Engineer: 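This is the structure I want to talk about, given as structure tokens.
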Amino acid sequence: MLQGIAFYLLAAVAVVGGLMVVTAKNPVHSVLWLILTFFSSAGLFVLLGAEFLAMLLVVVYVGAVAVLFLFVVMMLDVDFVRLREGYARYLPLAAIVAGVLLAEMIMISLVVVNGGAASDAVAPATAVDMTNAEAIGRVLYTDYVYIFQAAGIVLLIAMIGAIVLTLRHKPNIKRQKAHDQVNRDRKTAVEVKGAATGEGVTAEDLI
Amino acid sequence: MPDLISALQLSAPEAALAVGGLVLLMIGAFAGEKSARVVSTLSVLLLIGATALAVTGPLGRAFNGAYVADPLAVYGKALIFLSSAVAIVLGDGWMKRTRIARFEYPVLIVLASAGMGMMASSGDLISLYVGIELHSLALYVLAAFHRDDLKASEAGLKYFVLGALSSGLLLYGASLIYGFAGSMRFDEIAAYASTNPSTGLVFGLVFLICGLAFKVSAAPFHMWTPDVYEGAPTPVVALFSTAPKVAAMVLIARTLEGAFAGSHDQWAQVLILISLISFAVGAFGGLVQKDLQRLLAYSSIANIGYALLGIAAGSTIGIQSMLLFMTLYVIDQFGFFGILLSLSRNGRPVRSIADFAGLRKERPVTAIALTVLCLSVLGMPPLSGFWGKWAVFGAAAEAGYWMAGAAGLVASVVAGFYYLRIIKLMWFDPAPDGQPVTDKSPVEAKAIAWACAAFSFPLVIIGLTWLQPLTVAAAAGFGAG
């Protein structure tokens, strides 16, 4: 009973949040709605008994990804009025696609209600006396080592890509070189120039 | 432990590419930008080595069925890795001439090839998805590689956003399939689906097909293709239209035949619909194009339709015809891109179709090569393109899809218009006044273009005598090991 109430509450908040992400006028608000959606999804994960995934969702998606979104939205100079220009024009097409998807999802839900998803399929190998994190830890580096390594390469490619697309070697840039800076001494850094008494120095003399 | 060792032996080609890619990255990072040539050469050697490993390696399954090494995967990998190597050769010279040579280009292609290898031998839904992400993330970056070029940046961004959307569709489908079948392994899904046909599974399958159709740029999921083909650097487009397409086609065949052989009726309908739309978009969309790279994008949409028709046949002959078609298609594509890369006027690459006017006088051999390639893609017997289409239509007809095959023939005839227009411009139209003469061609692009044209005709007659048995063995060995 309590679980049912919690589920419908969290699910409703997640759906409304998702809707607001795409309809909110202000993109900063969109990101805030997205964070709400992530939190509700985390709650749904807890209901399913996947508390480790719920924590990951909050830490990674809310803590890192959504905050990064906020930075990007705030730092980029985007003309949001122009961005929404085609909104009314594309709305009918989008409504049709969304309608088709909604109909499909309702049909799938009916299938689940009638037959149940994977009710008689292969039973997932879960041990009851094990926490989530322990269960994932047991298979992550053993059964799924192949996928784990491949995912690592995906991240590596993302890093290479970011460097390829953004790093520029500018010729006249001044970099910090700790070794050179520490090894400066008075002999190399200071040059003593004589100045005749009573005449002073001009700027040209100093260069 | 012996388990891990045998698994590593099975997955040696991908492991070699991943480790080799890391080593090459180190070489490039420490030696600086001037190492681009060395890294390119080593990458080509690495890809050839990986091909050798794939061809000579043991067959079997590893990592709980996530990795499958069967003759189909081996054939696909050989084609994919060699195509990637050719793309590196084409790209190395081009990047140098446009002064954007960087060592990351070959490294990204090597890592993408590892992902494409994963796709070709994926045995469950996770390795399918990770393989797709691995190769497409590298391809997004490659599309925008010429970062000071506005069109290339646009191409990269468009490809990235639409690719992410398609990944979302694919993941949604995969999660539905997992939810209904209770397993991610293709063989277990197949076992479940054969006893409990369920609407949910079919929905998941449709989403999965949509996501995969995006990756092979089949209509109606083709929106990104013309813009990306037009904007991305030419050698990168040469890669796009070859290796990833082969990997995705092998993956589609593997998923549909491996996990959903029982619901052939359902997915064959979807595939045939996609093929028919692709024929129409590819044939009619190409008619109004002025840019050759854009034209090749539409041509690739239509050609993917033919290959999908082969898979839709749902038989061993269907897979064999798809493999043969893709092999011949890849060779034709490299010919086209070799010609595009070898022609320039006053340093400006020849891109527009009108630029080919009067090429007969200036470049007779290149004109002959381009004519052969055009006739081949058009499907003129006995050039190579004809044999591919012959095999695919034969497989479709055998499965009872006469109408789809006939539609494909009509599309070929319509598409014939734009290939014949190029031929007419080259041979019969005079060059416009004041058109600067073509520059000296780079050797590697010219050599690849001529070799591919020579293969299209007449070498294909000899080539078919060993390609045919190879593809038959690859298709027959599907799922073995």
Side-chain angles (χ1 to χ4, degrees), chain A residues 18 22 48 65 76 90 93-94 96-97 100-126 138-169 171, chain B residues 4 7 11 14-15 17-18 21-22 25 29 32-33 62-64 66-67 102 104-105 107-108 111-112 114-115 118 124 126-127 129-131 133-135 137-138 140-142 144-145 147 153 156 172 176 178-183 185 188-189 191-192 195-196 198-201 203-204 206-207:
Chain A
V22 284
L48 285 171
V65 176
L76 284 187
Y90 296 122
L93 183 68
I96 294 172
V97 175
V100 171
L101 281 178
L102 186 68
E104 286 188 357
M105 283 183 202
I106 290 172
M107 285 169 84
I108 292 169
S109 320
L110 289 181
V111 174
V112 177
V113 170
N114 292 334
S119 50
D120 47 333
V122 199
T126 44
R138 270 171 197 260
V139 291
L140 189 60
Y141 301 100
T142 51
D143 290 1
Y144 294 101
V145 64
Y146 172 54
I147 305 299
F148 184 77
Q149 294 296 334
I153 300 177
V154 173
L155 293 180
L156 176 72
I157 289 179
M159 198 178 83
I160 299 174
I163 293 172
V164 166
L165 296 182
T166 55
L167 181 69
R168 282 171 201 278
H169 293 291
Chain B
L4 183 64
S11 61
E14 283 80 6
L17 284 180
L22 290 178
L25 192 64
E33 296 302 335
F63 304 112
N64 291 319
Y67 185 95
R102 308 185 63 183
E104 284 97 342
Y105 174 77
V107 171
L108 281 172
L111 292 176
M118 268 186 87
D124 71 5
I126 305 191
S127 54
Y129 175 69
V130 176
E133 282 308 294
L134 188 53
H135 97 282
L137 203 58
Y140 303 146
V141 178
L142 286 173
F145 202 80
R147 59 185 184 186
S153 309
Y172 184 56
L176 280 179
Y178 175 56
F180 279 97
S183 171
R185 287 180 55 165
E188 286 173 2
I189 295 173
Y192 178 80
T195 51
N196 318 284
S198 122
T199 326
L201 267 184
F203 274 123
V206 170
F207 277 109

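The structure presented is a predicted model; accordingly, all values stated were derived computationally and were not measured.
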Engineer: Please state whether the side chain, the backbone, both or neither of Thr166(A) comes within less than 4.5 Å of a heavy atom of chain B.
Structural biologist: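 Backbone of Thr166(A) only, per the 4.5 Å heavy-atom cut-off to chain B.
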Engineer: Quick check: closest heavy atoms across Val130(B) and Ala150(A), and the distance to 0.1 Å?
Structural biologist: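 Between these two residues, the closest heavy atoms are CG1-CB, 3.5 Å.
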Engineer: How long is the span from the CD1 atom in Ile108(A) to the CZ atom in Phe207(B), to the nearest 0.5 Å?
Structural biologist: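 Here the interatomic distance stands at 6.0 Å.
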Engineer: Sort out for me which of Glu133(B), His135(B), Glu104(B) touches chain A most, counting heavy-atom pairs under 4.5 Å.
Structural biologist: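 Heavy-atom pair counts peak at Glu104(B).
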Engineer: For Leu108(B), which atoms come within 4.5 Å of any heavy atom of chain A: side chain, backbone, both, or neither?
Structural biologist: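 Interface part for Leu108(B): side chain.
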Engineer: Which class fits the ring pair Phe63(B) and Tyr146(A): parallel under 30°, tilted 30 to 60°, perpendicular over 60°?
Structural biologist: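 Rings of Phe63(B) and Tyr146(A): parallel, as their planes differ by under 30°.
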Engineer: I need the Leu111(B) CG to Ile157(A) CD1 distance, nearest 0.5 Å.
Structural biologist: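 Those atoms lie 4.5 Å apart.
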Engineer: Quick check for you: to the nearest 0.5 Å, what is the distance between Ile153(A) atom CD1 and Glu14(B) atom CD?
Structural biologist: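 So the CD1 of Ile153(A) and the CD of Glu14(B) are separated by 9.5 Å.
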Engineer: Chain A heavy atoms under 4.5 Å from Leu25(B): which part of the residue, side chain, backbone, both or neither?
Structural biologist: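 Contact with chain A is through the side chain of Leu25(B) alone.
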Engineer: Is chain A contacted by the side chain of Leu142(B), its backbone, both, or neither, given a heavy-atom distance below 4.5 Å?
Structural biologist: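 For Leu142(B), neither part sits under 4.5 Å from chain A.
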Engineer: For Leu156(A), which atoms come within 4.5 Å of any heavy atom of chain B: side chain, backbone, both, or neither?
Structural biologist: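 It is the side chain, since no backbone atom gets that close.
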Engineer: Between atom OH of Tyr172(B) and atom CG of Leu101(A), what is the distance when rounded to the nearest 0.5 Å?
Structural biologist: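 If I round to the nearest 0.5 Å, the distance is 7.5 Å.
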Engineer: Would you compute the distance between atom CE of Met105(A) and atom CZ of Phe203(B) and round it to the nearest 0.5 angstrom?
Structural biologist: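 One finds 10.5 Å between CE of Met105(A) and CZ of Phe203(B).
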Engineer: About how many Å separate CG of Asn64(B) and CG of Asp143(A), when rounded to the nearest 0.5 Å?
Structural biologist: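 Spacing of CG (Asp143(A)) from CG (Asn64(B)) equals 4.5 Å.
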Engineer: Identify which part of Ile160(A) has an atom lying under 4.5 Å from any heavy atom of chain B, answering side chain, backbone, both or neither.
Structural biologist: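 When you check distances to chain B, only side chain atoms of Ile160(A) fall under 4.5 Å.
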